[in-house]
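These notes are about the structure you will find just below.
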There are 2 protein chains.
Amino acid sequence: MTESPFESAGHCRLPEDVVSDSRAIAARMAALSHPARIEIIKHLSANNSCCCREVVDRFDLAQSTVSQHLKILVEAGLVRFEPDRQRSRYEVDRAALADVSASVAALVNSCCSGR
Amino acid sequence: MTESPFESAGHCRLPEDVVSDSRAIAARMAALSHPARIEIIKHLSANNSCCCREVVDRFDLAQSTVSQHLKILVEAGLVRFEPDRQRSRYEVDRAALADVSASVAALVNSCCSGR
DNA sequence: CCTTTTCATCGTTTATCGCCGATGGACGAT
DNA sequence: ATCGTCCATCGGCGATAAACGATGAAAAGG
């Protein structure tokens, strides 16, 4: 079963809202915890938006792999997706990215002030 | 074999230093991309330092699991470890944490200024 | 209509994660 | 010396992640 104690309430001795907060942060961190996805983010933002093919051409990754990474970034809310003819337009959501940055900063701050 | 294109040089069409930069960020993000580890970080910093047992008592996780999480945090350079008699003292490295925050902020900034 | 391009998705394989119980080492106390 | 406590590590197990090739749908071009 495995069922992590942090997956659902009741398995942890902490208030649920605190934990769910950590879960939310962790989820977005997870999306950024792969070098390919960080590079993709940079590439997307350098150009203003890219289709999948452009990313594939730039990195030595199979098209299916790139598509997967893009999907993960979209699901994490860090990248916006818009179908454009037979292409797909992927665009960095700068606000969401800034939000992640703010979350990390908040965590760091809470750690420096004794929570 | 699997061997990610980002694991070693030559598999990627990008300058190695750039990629290794992304790898470094990704590694630290990975350490923070688990709710338990975020909670542990908070707990460590709320108290000034903890031994493993204190963390175990606080969360519903087996001692071996907590020890594992702590090890991951130490290896990521986010937590300092110091053996203290038969106990272990774990302490948040606030500078390292601030560094992570800065890295993320830099990534976000580079994305906002067109890299 | 047929071909090419672009892309998402499926299925597979391999590696890694997350969790646990068990084991054993190192101390401290009795 | 023996016991209890604290801890790191090992082995195992199920779940998840990461990579790929193959397939098929949707457009665009011939």
message = Run B/F81 and B/S88 through side chain to side chain contact (heavy atoms under 4.5 Å, CB included) and show every step you take.
response = CA-CA 7 Å; B/F81 164 73; B/S88 294; 3.5 Å; yes

query = The side chain of A/A62 lies closest to which of these nucleotides: C/dC7, C/dC20, D/dG21?
reply = D/dG21

query = With distance as the sole test, does B/D93 use its side chain to make a donor-acceptor pair with the main-chain N or O of B/A95 at under 3.5 Å?
reply = yes

ask   = Atom CG of B/L61 to atom P of C/dG21: distance rounded to whole Å?
value = 11 Å

Contacting residues from residues 70-79 of chain B, given that a heavy atom lies under 4.0 angstrom of DNA chain D = B/K71

query = In whole Å, what is the span from the CZ atom of B/F81 to the P atom of D/dC6?
reply = 16 Å

ask   = Any side-chain N or O of B/R87 less than 4.0 Å from the OP1 or OP2 oxygen of D/dT5?
value = no

request  = May I have the distance from B/D60 (atom CG) to C/dG21 (atom P), rounded to whole angstrom?
outcome  = 12 Å

task = Could you tell me the separation between the SG atom of B/C50 and the CZ atom of B/R89, rounded to the nearest 0.5 Å?
result = 10.0 Å

ask   = Sub-3.5 Å donor-acceptor pair from the side chain of B/R37 to the main-chain atoms of B/A30, do we have one?
value = yes

task = Would you mind listing every side chain to side chain donor-acceptor pair (under 3.5 Å) that reaches into residues 99-108 of chain B, with sequence neighbours excluded?
result = B/R28-B/D99, B/R28-B/S103

key: Steps toward side chain to side chain contact (heavy atoms under 4.5 Å, CB included) verdict (B/L97, B/I41)   = CA-CA 10 Å; B/L97 216 50; B/I41 289 258; 4.1 Å; yes

inquiry  = Please determine whether a side-chain nitrogen or oxygen atom of B/T65 lies at a distance below 4.0 Å from atom OP1 or OP2 of C/dG18.
reply    = no

ask   = What is the ring orientation for B/F59 with B/H43, classed by angle as parallel under 30°, tilted 30 to 60°, or perpendicular over 60°?
value = perpendicular

key: Contact under 4.0 Å: A/Y90 side-chain N or O vs C/dT6 OP1/OP2   = no

message = Treating B/E54 as the side-chain partner and B/C51 as the backbone partner, does any N or O pair qualify as donor plus acceptor under 3.5 Å?
response = yes

ask   = In whole Å, what is the span from the CZ atom of A/F59 to the P atom of D/dA18?
value = 16 Å

key: Side chain of A/H34 (C-beta onward), nearest among C/dC19, D/dA19, C/dA8   = D/dA19

note = B/Q68 atom CD is separated from D/dG11 atom P, nearest whole Å, by 13 Å

task = Whole angstrom is fine here: how far is it from CG in B/D84 over to P in C/dC27?
result = 12 Å

key: Distance in angstrom units between A/H69 NE2 and D/dA18 P, rounded   = 7 Å

key: Candidate pair A/H34 and A/I38, rule side chain to side chain contact (heavy atoms under 4.5 Å, CB included), full reasoning   = CA-CA 6 Å; A/H34 192 294; A/I38 291 183; over 6 Å; no

remark   = Of A/A30 and B/S88, the one whose nearest nucleotide on DNA chain D sits closer to the 5' end is B/S88

What nitrogen or oxygen pairs link the protein and nucleotides 22-30 of chain D at under 3.5 Å?
none

Whole angstrom value for the distance that separates P of C/dT5 from CD of A/E54 = 16 Å

A/D21 vs A/D17, side chain to side chain contact (heavy atoms under 4.5 Å, CB included): CA-CA, chis, key distance, verdict = CA-CA 6 Å; A/D21 224 48; A/D17 55 337; over 6 Å; no

task = Kindly say if B/S67 contacts the phosphate of D/dA8, meaning a side-chain N or O under 4.0 Å from OP1 or OP2.
result = yes

